[in-house]
Novice: 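Structure provided below as structure tokens; questions to follow.
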Amino acid sequence: MTLSKLRNIGIAAHIDAGKTTVTERILFFTGVSRKMGEVHDGQATMDFMKQEQERGITIASAAISAKWGENRINIIDTPGHVDFTIEVERSLRVIDGMIAVFCAVGGVEPQSETVWNQADRYRVPRIAFINKMDRTGADFHEVVSQANKYLDANAVPFQIPMGAEDDFLGTIDIIEKRAYTFHDFERGEIEIPEEYCEHVETARNILIEKLADYDDKIAEMFLDEQEIPVEILKNAAREATLKLMITPVFCGAAYKNKGIQLLLDAVVDYMPSPIDVGAIVGMDPDDEEKSHTRNPSVNEPFSALAFKLINDPFVGQQTFVRIFSGELKSGMQIYNSTKGKKERIGRIFRIRAKDREEIGLAGAGDIVALIGMKFTKTGDTLCDPSNELLLESIHIPATVIELKILPESRKDQSKLGEALAKLANEDPSFNVRFDHETEETIVSGMGELHLEIIIDRLLHEFDVKVEVGEPAVAYRETFTTEVLSNYKHSKQTGGKGQFAHTVMRIEPNTGQGYEFVNQIKGGVIPAEFISSVDKGIRKTMERGILAGFPVIDVKVVLIDGGHHAVDSSDMAFQTCASICFKQGFMKASPVLLEPVMKLEVNTPDDYIGDVVGNLNRRRGKIESMRRYRKGAQKLNGFVPLSEMFGYATQLRNISSGRANYSMEFHQYEPTPKGIQEEVLKELREKKE
């Protein structure tokens, strides 16, 4: 199959917009599955994890290959729940185009915005599918309006619906001026009903005007009032979509099998092939200033990005990769340029959700799973050993909530350690650390549901029972003033001693992470010990200083020091740097940073005062209020995570169960002084 006939697409949206149902219908109409699985009865092909089937939600992204006409479509179905946002992030890094699914009733929801922003980060072209047109309250034009207002999507209807709610009959293709109805699994074509003729002309003129902004030929024909051929319109629309200038909008009702075949046609017509995406650019691993390009061709040197790891009970660890150039064969040796290690390819699989098909060869544009990788993790670049390059990795969001866990029996301690290591390997947004003082294992993740799923998997997949503490906020530590710190480490214990001397300036580095700058001159600290200083600081930052939470946003400038010809060593400089950094940190006005969440509450008008009052008591800041639908409003704002435990129950009580909310991590902000003192006091009491 030629690369121009390949589409790598992701399906993403807010929870409950119907992504998995859309995917199930795509699999049915493309012949991948003989019967349609439903999310509500736990039979969806793409939701094959036990935890997904029990909860009726997608937790892990799943990949599958399908054929539509002469085209192959690789599809990744992603979760909508904010706790699993890493799954969307890593999928968007490797796909070429995206179907953004919106609920015709709910419209643009908070997670829709998150997904949209993630797609913007990786510049992924997208089309929109407004689903659930058969539901009470469905409003196609309102959702298009919201997409333009809140997402700046430049959304342009390529279809308009015939009817809505119980009267949703089908859709009208604006470019081709064709009306389609859907009955059972068949689509039929009818004359455009008279009452829609004017709507179609208006919508078509708007579409042509939009395309005329990007295409001179269309602009000329439009001004001359000439009839513009369908092919010219489609080509211009494709070009504008690929350049992220417009978002074509389609509609349907996936559960009732309406609109899916036309959506598949749209994927082929308007989504990019690997050739459209063009060459990828990577860095030279030995020289950050140099870059290398790889064209999507089997004749180029091999390059790929690992974007997901799964532990499969039957074949072991599967490493999912997107191949950008070259070919991959079983038994071939490749190079992991992120880790600086060679890897040998065992078996190659084309994935069909939980099933797999072994293949001997994969090429540019393919998404496949590899067996036998020893060192490769999420975000690592794989390449030809004689043509090295380093691709942009994957953005990993910060964890915001943590739990203390203990195995029920001491003999399960090592079993628990192995299981957690495998889970952390699979999911980079899940972290594990061991507190040597309290001998407790602390796990942290993106939210309560995220950690609940992890605990469930420990029990059912790894057969490890654990005792779980109360969820706690994952604070961070930093400081607010610049200081100079000077420490000399000298220890004589008989035999070889320890000597190291460091002088460092530590500066706040807000939002920029950790930065280490070496300004040593004249070899006062030998070159081989500079990395020891860096290592000592990093280890101290991981363990925390103020209260045992990781330190972030720090710039350390190493400006002076000293060494001893015999007594200086790697360990001496690590220890010296650690103490020097700690002392400077405590003088630099240290603060605890707390995770602040972006919150959206949907509430009937009757309860708006109570909802706002309750959020104010939780240190919330209301940013905006807007009409959600008749008699209801959407509140947007920010609130510290520490104030949100138990909010679901309280919101239910305030609103008689009629309001709902969603929240996602926004950023870390300094904890108010009084609250910081309370948190530190509480932590000290727990340790005593």
Novice: Got a salt bridge between D215 and K210, using NZ or NE/NH1/NH2 to carboxylate O under 4.0 Å?
Specialist: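 No salt bridge links D215 with K210.
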Novice: Taking CG in D224 as the centre, count heavy atoms belonging to other residues, nucleotides or ligands within less than 6.0 Å. Is the count above 12?
Specialist: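 Atom CG in D224 is packed in, count exceeds 12.
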Novice: Let me see the working for L361 and I359 under side-chain contact (heavy atoms from CB on, under 4.5 Å), right down to the final yes or no.
Specialist: CA-CA 6 Å; L361 177 74; I359 54 176; over 6 Å; no
Novice: Please test R187 against I260 for side-chain contact (heavy atoms from CB on, under 4.5 Å), starting from the C-alpha separation and ending with a verdict.
Specialist: CA-CA 10 Å; R187 65 170 159 175; I260 298 300; over 6 Å; no
Novice: Around atom CD of E220, are there more than 12 heavy atoms of other residues, nucleotides or ligands at under 6.0 Å?
Specialist: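 Not more than 12 within 6.0 Å, no.
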Novice: So, taking the atom named OG in S297 and the one named CD in E327, what distance separates them when rounded to the nearest 0.5 Å?
Specialist: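 The CD atom of E327 is 9.0 Å from OG of S297, to the nearest 0.5 Å.
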Novice: More than 12 heavy atoms of other residues, nucleotides or ligands under 6.0 Å from CG of D152: is that the case?
Specialist: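 Count not over threshold, so no.
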Novice: For I608 versus T603, what's the shortest heavy-atom pair and its separation?
Specialist: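 The pair with the smallest heavy-atom distance is CD1-CG2, 3.8 Å.
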Novice: What distance do R123 atom CZ and L242 atom CG have between them, rounded to the nearest 0.5 Å?
Specialist: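 Answer rounded to 0.5 Å: 11.5 Å.
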Novice: Between I228 and K217, is the side-chain contact (heavy atoms from CB on, under 4.5 Å) condition met? List the steps.
Specialist: CA-CA 10 Å; I228 303 168; K217 191 174 182 183; over 6 Å; no
Novice: How about D96 and D276: do any of their side-chain heavy atoms sit closer than 4.5 Å?
Specialist: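 Counting from C-beta outward, D96 and D276 never come under 4.5 Å.
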Novice: Taking N71 for its side chain and L6 for its backbone only, find out whether a donor-acceptor pair lies under 3.5 Å.
Specialist: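 No; zero donor-acceptor contacts below 3.5 Å.
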Novice: State whether K234 and E176 are salt-bridged, where the test is any N-O pair (Lys NZ or Arg NE/NH1/NH2 against Asp/Glu carboxylate O) under 4.0 Å.
Specialist: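 Judged by the 4.0 Å cut-off on N to carboxylate O distance, K234 and E176 do form a salt bridge.
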Novice: Between E165 and R135, is there a salt bridge with N-O shorter than 4.0 Å?
Specialist: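 E165 and R135: not salt-bridged.
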Novice: If you count every heavy atom of other residues, nucleotides or ligands that lies below 6.0 Å from E186 atom CD, does the total exceed 12?
Specialist: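 12 or below, so no.
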Novice: Heavy atoms, side chains only, cut-off 4.5 Å: are R204 and T202 in contact?
Specialist: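 No - every pair of side-chain heavy atoms lies 4.5 Å or more apart.
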Novice: For a quick test of reading the model, state the closest non-hydrogen atom pair linking V321 to A306 and the distance between them.
Specialist: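 What the structure gives for the nearest pair is CG1-CA, 3.9 Å.
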Novice: Could you grab the distance from atom CD1 of I174 to atom CD of E201, nearest 0.5 Å is fine?
Specialist: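 Those atoms lie 10.0 Å apart.
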Novice: Heavy-atom distance under 4.5 Å between the side chains of I99 and V22, does that happen here?
Specialist: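 The answer is no; the side chains never approach within 4.5 Å.
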Novice: Does any N or O in the side chain of Y607 come within less than 3.5 Å of the main-chain N or O of L651, such that one atom is a donor and the other an acceptor?
Specialist: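 Looks like no, no N/O pair under 3.5 Å.
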Novice: Determine the sole option in T30, N74, N8 for which the side-chain hydrogen bond (donor to acceptor under 3.5 Å, both in side chains) test with S65 is passed.
Specialist: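 Testing each of T30, N74, N8 against S65, the sole residue satisfying side-chain hydrogen bond (donor to acceptor under 3.5 Å, both in side chains) is N74.
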Novice: So R7 and V268, do their side chains get closer than 4.5 Å, heavy atoms only?
Specialist: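 In contact.
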Novice: Do F158 and I127 come within less than 4.5 Å of each other through their side chains, counting heavy atoms only?
Specialist: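 F158 does not reach I127 side chain to side chain.
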Novice: If you count heavy atoms of other groups shown closer than 6.0 angstrom to CG of D216, is the number above 12?
Specialist: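 Atom CG in D216 is not crowded, with 12 or fewer foreign heavy atoms closer than 6.0 Å.
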Novice: Return the minimal non-hydrogen interatomic distance between A253 and F129, and the atom names on each side.
Specialist: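 It is N-CZ, 4.5 Å.
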Novice: Report yes if the side chains of P296 and F324 come closer than 4.5 Å at any heavy-atom pair, otherwise no.
Specialist: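 No; the side chains remain at least 4.5 Å from each other.
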Novice: Is N131 reaching over with its side chain to a backbone N or O of A17, donor-acceptor style, under 3.5 angstrom?
Specialist: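 Indeed, once roles are kept as given, a pair shorter than 3.5 Å links the two residues.
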Novice: Could you tell me if the side chain of I394 sits less than 4.5 Å from the side chain of V94, heavy atoms only?
Specialist: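 Heavy-atom side-chain distance check fails, nothing below 4.5 Å.
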Novice: Below 30° counts as parallel, above 60° as perpendicular, anything between as tilted: where do the rings of F102 and W116 land?
Specialist: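 Ring orientation, 0 to 90° scale: tilted.
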Novice: With rounding to the nearest 0.5 Å, note down the distance linking CG in L92 to CZ in R126.
Specialist: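 Between L92 CG and R126 CZ, I get 8.5 Å after rounding to 0.5 Å.
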Novice: Closer than 4.0 angstrom, basic N to acidic O: yes or no for D366 and R350?
Specialist: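 A salt bridge is present here (some side-chain N lies under 4.0 Å from a carboxylate O).
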Novice: Backbone N or O of F168 within a donor-acceptor pair of the K258 side chain at under 3.5 Å?
Specialist: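 Yes, K258 side chain to F168 backbone: donor-acceptor pair under 3.5 Å.
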Novice: Locate the shortest heavy-atom distance separating P272 from V277; write the atom from each residue and the value.
Specialist: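 Heavy-atom minimum between the residues: CB-CG2, 4.0 Å.
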Novice: Taking all non-hydrogen atoms of both residues into account, name the closest pair between A369 and Q318 and its distance.
Specialist: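 The answer is CB-OE1, 3.6 Å.
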Novice: Has the side chain of S656 got a donor or acceptor atom that lies under 3.5 Å from a matching backbone atom of R658?
Specialist: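 Such a contact is absent between S656 side chain and R658 backbone.
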Novice: Do E191 and R178 pass the salt bridge (charged side-chain N to carboxylate O under 4.0 Å, His left out) test, and can you show the C-alpha distance, the side-chain angles, and the key distance before you say yes or no?
Specialist: CA-CA 7 Å; E191 282 287 316; R178 289 179 171 182; over 6 Å; no
Novice: Heavy atoms, side chains only, cut-off 4.5 Å: are V249 and V143 in contact?
Specialist: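 With C-beta onward as the side chain, the pair stays apart.
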Novice: Inspect the contact between E623 and K598 and indicate whether a charged nitrogen and a carboxylate oxygen are less than 4.0 angstrom apart.
Specialist: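 Not counted as a salt bridge, because no side-chain N and carboxylate O are separated by less than 4.0 Å.
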Novice: Measuring from M162:CE to C251:SG, what's the distance to the nearest 0.5 Å?
Specialist: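 If we round to the nearest 0.5 Å, M162:CE and C251:SG are 9.5 Å apart.
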Novice: Any donor-acceptor pair under 3.5 Å linking the side chain of R25 with the backbone of A254?
Specialist: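 Present.
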Novice: Taking D269 first and then R238, would you say they form a salt bridge - that is, a charged N and a carboxylate O separated by under 4.0 Å?
Specialist: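 No, D269 and R238 are not salt-bridged.
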Novice: Look up atom CG in L169 and atom CD1 in I190, then write down how far apart they are to the nearest 0.5 Å.
Specialist: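 Atom-to-atom, L169:CG and I190:CD1 are 7.0 Å apart.
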Novice: Is it the case that more than 12 heavy atoms not belonging to E195 sit under 6.0 Å from its CD atom?
Specialist: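 Counting other residues, nucleotides and ligands, CD of E195 exceeds 12 neighbours.
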Novice: Return the minimal non-hydrogen interatomic distance between Q159 and D173, and the atom names on each side.
Specialist: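 So the minimum-distance heavy-atom pair works out to CG-CA, 4.4 Å.
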Novice: Can you tell me if N257 and H183 form a side-chain donor-acceptor pair at under 3.5 Å?
Specialist: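 The criterion, which ignores hydrogens and geometry beyond distance, is not satisfied for H183 and N257.
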Novice: Start with the C-alpha gap between E600 and K634, add the side-chain angles, then the distance that decides, and say whether side-chain contact (heavy atoms from CB on, under 4.5 Å) holds.
Specialist: CA-CA 7 Å; E600 180 164 297; K634 264 187 203 293; 3.0 Å; yes
Novice: Any side-chain donor-acceptor pair under 3.5 Å between D427 and S429?
Specialist: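 Judged by distance alone, the side chains do pair up.
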Novice: Just checking, R626 and Y150: is the charged tip under 6.0 Å from the six-membered ring centre and within 45° of the axis?
Specialist: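 Yes, a cation-pi geometry holds between R626 and Y150.
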